[in-house]
> 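Structure below; questions to follow.
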Amino acid sequence: MALGSEPDWAYLPVPVISSILDKLPEPVDHLWFGAVCKQWQSVSKDCILAKQRWSKLLPMLMIPTEKYTTTERRLYSVAEGKIYNVELQVPDCERFGSSCLGWLATVDESSYVTLLNPFKNGITIRLPPIDPLQPYHEGFDYYIYKFILSADPASTPNDYVVVAIYGMNKKLAFIRAGDKSWRHVKIQMISDIIFYNGLVYAVGHRGLIACFNVKDGNSIESELANVRILAPNMDPPRYSDRAYLVESSGGDLLYVHRKLDKNEDYILQISDHFKVYKLRLHEQSGKVMERVELESLGDDTLFVGDNNSMSVSAANFPGCQPNSIYFTHDYIDCTRFNNFYQPHDVGIFNVKDGTFGQHYTLKPLDKKMPPVLWIVPPFQRK
């Protein structure tokens, strides 16, 4: 390098770049780092593969910007307790139909569903109407309650499945890449869904657990006959206001029970307690043999709310509280938020001692915006 010339930052020695990467705690840091140039991106990927870092990624909280515009969001790191100075462009809507693998879902008045990835220049995938016989003229932003993906459409554009909970009765439907219509599943009042061991598992508010195979059936008829009921509804005292299914870091299927209660003013509902059960499944039939209540999650941390429910090992993320459930406000029931009923219930539940804490403090104006939600920034390891 000639004296006085500008350094070529793209070709810094690999050990120097690697030492910088080691000091970046969040996967999104590596995402922005690799976006600088192809050389840095290559070193970042090699570093991740060599150290087998982040077999799972830590979700970040998608929050309003300081301008409180409906089309921009920022990211908050719960591990670092800081807001990242990056603005994500999002559609103007009252709420998103949850998040999964870095994607968001919206629905319009004709029940057309659109998937959007704010991390990849806002690329979109427009899907057919999920319920063409019942268009919504108002409140349609609440029609998709939750969705999950079998794979990232950005990585496998011709091989993915979308499964969604939709409508007032929380029905189920799924669509494969390239399909012209949704296939509807004959169960309803569903609270959460998850891909587990190659099948889709669903849980209801009353404890019903069912599974089905999205790869079965070539017909485009609306109902599937191969839904298997693995556990019936429970007695009313054991109903959940929200129920979730999460795969633990060890591969167990967990059933999470969330109970709500009124706040001190008896006006707003807030989380009162959580219970976590390990589901013991029969090896042949898959039926739920037992729900074993867990007193500890060990090193696991669960993330639930308007997102695909997931777990991470807290040991991989300094600043992440182990044996805890990080939650966001997700009880909307296709009802519009207003000045009286605003998204407010976010926090951390410590499974060991049953106490609540905060991962992010909502400001007054935050509650007038679409609800905050967990989202996982995309991060290519291959």
Side-chain angles (χ1 to χ4, degrees), residues 57-64 70 72-76 78 88 90-107 113-119 130 139-149 162-168 170-172 189-195 202-205 240-246 256-258 260 268-271 274 301-312 325-337 341-349 358-360 362 366-377:
L57 302 185
L58 187 69
M60 303 186 78
L61 199 63
M62 195 169 74
I63 63 173
T70 57
E72 294 176 330
R73 297 291 187 279
R74 283 186 176 176
L75 296 175
Y76 175 78
V78 294
L88 301 176
V90 297
D92 183 0
C93 60
E94 292 188 12
R95 74 173 287 273
F96 298 106
S98 80
S99 74
C100 183
L101 301 181
W103 291 79
L104 304 169
T106 62
V107 63
V113 178
T114 299
L115 302 182
L116 168 103
N117 193 317
F119 299 98
I130 194 169
F140 51 84
D141 286 333
Y142 301 84
Y143 199 57
I144 296 293
Y145 173 69
K146 178 170 282 192
F147 81 99
I148 57 173
L149 292 162
V162 186
V163 188
I165 305 173
Y166 72 96
M168 290 289 293
K170 294 187 173 63
K171 296 181 285 186
L172 277 178
M189 300 310 296
I190 298 302
S191 180
D192 198 14
I193 44 180
I194 184 177
F195 281 99
V203 62
H205 298 281
S240 301
D241 291 302
R242 286 295 178 266
Y244 310 95
L245 292 175
V246 187
V256 181
H257 162 99
R258 182 178 183 177
L260 307 176
L268 299 176
Q269 286 186 310
I270 58 174
S271 294
F274 287 81
T301 302
L302 311 185
F303 289 83
V304 300
D306 276 336
N307 59 287
N308 62 308
S309 305
M310 61 178 294
S311 70
V312 300
I325 302 172
Y326 284 62
F327 62 91
T328 60
H329 189 124
D330 65 348
Y331 35 99
I332 45 93
D333 292 323
C334 297
T335 302
R336 286 189 167 191
F337 292 115
Y341 184 70
Q342 299 169 344
H344 56 275
D345 189 18
V346 302
I348 307 171
F349 178 78
Q358 286 295 318
H359 53 72
Y360 176 76
L362 292 172
D366 289 343
K367 300 177 184 179
K368 298 181 182 294
M369 298 290 291
V372 300
L373 54 77
W374 302 116
I375 191 167
V376 178

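Side-chain atoms are counted along with the backbone in the values below, which use heavy atoms only and exclude waters and symmetry mates. All values derive from a computational prediction rather than experimental measurement.
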> For residues Phe274 and His257, determine if any side-chain heavy atom of one lies less than 4.5 Å from a side-chain heavy atom of the other.
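When only atoms from C-beta onward are counted, His257 and Phe274 do not touch, as no gap falls below 4.5 Å.
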> If you take all heavy atoms of Ser311 and Leu302, which pair is closest and at what distance?
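Residues Ser311 and Leu302, closest heavy atoms: CB-CD2, 3.5 Å.
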> Heavy-atom distance under 4.5 Å between the side chains of Phe327 and Phe303, does that happen here?
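Not touching, per the 4.5 Å side-chain cut-off.
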> So, the side chain of Asp241 versus the backbone of Leu260: is there a donor-acceptor pair under 3.5 Å, distance only?
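Yes.
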> Closer than 4.0 angstrom, basic N to acidic O: yes or no for Asp345 and Lys367?
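No, no charged N to carboxylate O under 4.0 Å.
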> At their closest point, which heavy atom of Met369 faces which heavy atom of Arg73, and how far apart are they?
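In terms of heavy atoms, the two residues are closest at CE-NH1, 4.4 Å.
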> Regarding Asp330 and Lys146, does a basic nitrogen lie under 4.0 Å from an acidic carboxylate oxygen?
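So Asp330 does not pair with Lys146 through a salt bridge.
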> Can a donor-acceptor pair be found, under 3.5 Å and without considering hydrogens, that links the side chain of Ser191 to the backbone of Ala243?
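Side chain of Ser191 to backbone of Ala243: a pair is present.
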> If only side-chain N and O atoms count, and only distance matters, is there a donor-acceptor pair under 3.5 Å linking Ser240 with His205?
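Result is no, nothing qualifies.
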> Check whether any side-chain N or O of Thr106 sits under 3.5 Å from a backbone N or O of Phe96 as a donor-acceptor pair, and report yes or no.
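Here the side-chain-to-backbone pair does not exist.
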> For the pair Asp92 (side chain) and Thr70 (backbone), establish whether a donor and an acceptor sit closer than 3.5 Å, ignoring hydrogens and angles.
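Side chain of Asp92 to backbone of Thr70, a donor-acceptor pair under 3.5 Å: no, none is there.
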> Check the pair Leu75, Ile63 against side-chain contact (heavy atoms from CB on, under 4.5 Å), reporting the backbone distance first and the verdict last.
CA-CA 6 Å; Leu75 296 175; Ile63 63 173; over 6 Å; no
> Using side-chain heavy atoms (C-beta onward) and a distance below 4.5 Å, is Leu58 in contact with Met60?
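No; the side chains remain at least 4.5 Å from each other.
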> Using the rule side-chain contact (heavy atoms from CB on, under 4.5 Å), only one of Val107, Leu115, Val113 pairs with Phe147; which is it?
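Single pass found, and it is Leu115.
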> When rounded to the nearest 0.5 angstrom, what distance separates CG in Leu88 from CZ in Phe119?
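Answer for the CG-CZ pair, Leu88 versus Phe119, is 5.0 Å.
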> Are Glu72 and Val90 close enough that some pair of their side-chain heavy atoms sits under 4.5 Å apart?
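No, too far: nothing below the 4.5 Å cut-off.
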> Report yes if some heavy atom in the side chain of Pro118 is under 4.5 Å from a heavy atom in the side chain of Leu104; otherwise report no.
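Yes, close enough: below the 4.5 Å cut-off.
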> Which atoms form the tightest heavy-atom contact between Leu149 and Phe195, and what is the distance?
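Taking Leu149 first and Phe195 second, the nearest heavy atoms are C-CE1, 3.5 Å.
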> Any chance you could lay out the side-chain contact (heavy atoms from CB on, under 4.5 Å) test for Ser99 and Met62, step after step, and finish with the verdict?
CA-CA 10 Å; Ser99 74; Met62 195 169 74; over 6 Å; no
> Quick check: closest heavy atoms across Leu172 and Ala202, and the distance to 0.1 Å?
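Reported closest heavy-atom pair: CD1-CB, 3.9 Å.
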> Applying side-chain hydrogen bond (donor to acceptor under 3.5 Å, both in side chains), name anything that partners Ser309, two or more places apart in sequence or on another chain.
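Per chain and number, Ser309 pairs via side-chain hydrogen bond (donor to acceptor under 3.5 Å, both in side chains) with Asp192.
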> Is any side-chain heavy atom of Thr328 closer than 4.5 Å to one of Pro371?
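Side-chain contact under 4.5 Å: no.
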> Looking at Val312 and Pro59, what are the two nearest heavy atoms and their distance?
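Smallest interatomic distance, heavy atoms only, reads CG1-CD, 4.5 Å.
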> To check you understand the geometry: which heavy-atom pair defines the closest contact between Val304 and Asn307, and what is its length?
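Minimum heavy-atom separation between Val304 and Asn307: C-OD1, 3.2 Å.
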> Is the closest side-chain heavy-atom distance between Asp306 and Arg95 below 4.5 Å?
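Side chain of Asp306 against side chain of Arg95, heavy atoms only: contact under 4.5 Å found.
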> Does a side-chain heavy-atom distance below 4.5 Å link Ile348 with Ile325?
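They are not in contact (no side-chain heavy atoms under 4.5 Å apart), so the answer is no.
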> Looking at CE of Met310 and CG of Leu101, how far apart are the two atoms once the value is rounded to the nearest 0.5 Å?
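If I round to the nearest 0.5 Å, the distance is 9.0 Å.
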> To the nearest 0.5 Å, what is the distance between CG on Leu373 and CG on Leu61?
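So the CG of Leu373 and the CG of Leu61 are separated by 7.5 Å.
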> Does the pair Val346 and His359 meet the rule for a side-chain contact (heavy atoms from CB on, under 4.5 Å), with working shown?
CA-CA 8 Å; Val346 302; His359 53 72; 4.0 Å; yes
> Mind running side-chain contact (heavy atoms from CB on, under 4.5 Å) on Ile190 and Val203 for me, showing each step along the way?
CA-CA 6 Å; Ile190 298 302; Val203 62; 5.8 Å; no
> May I ask you to check whether Phe349 and Tyr326 place their ring centers less than 6.0 Å from one another?
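Distance test on ring centres: not under 6.0 Å, no.
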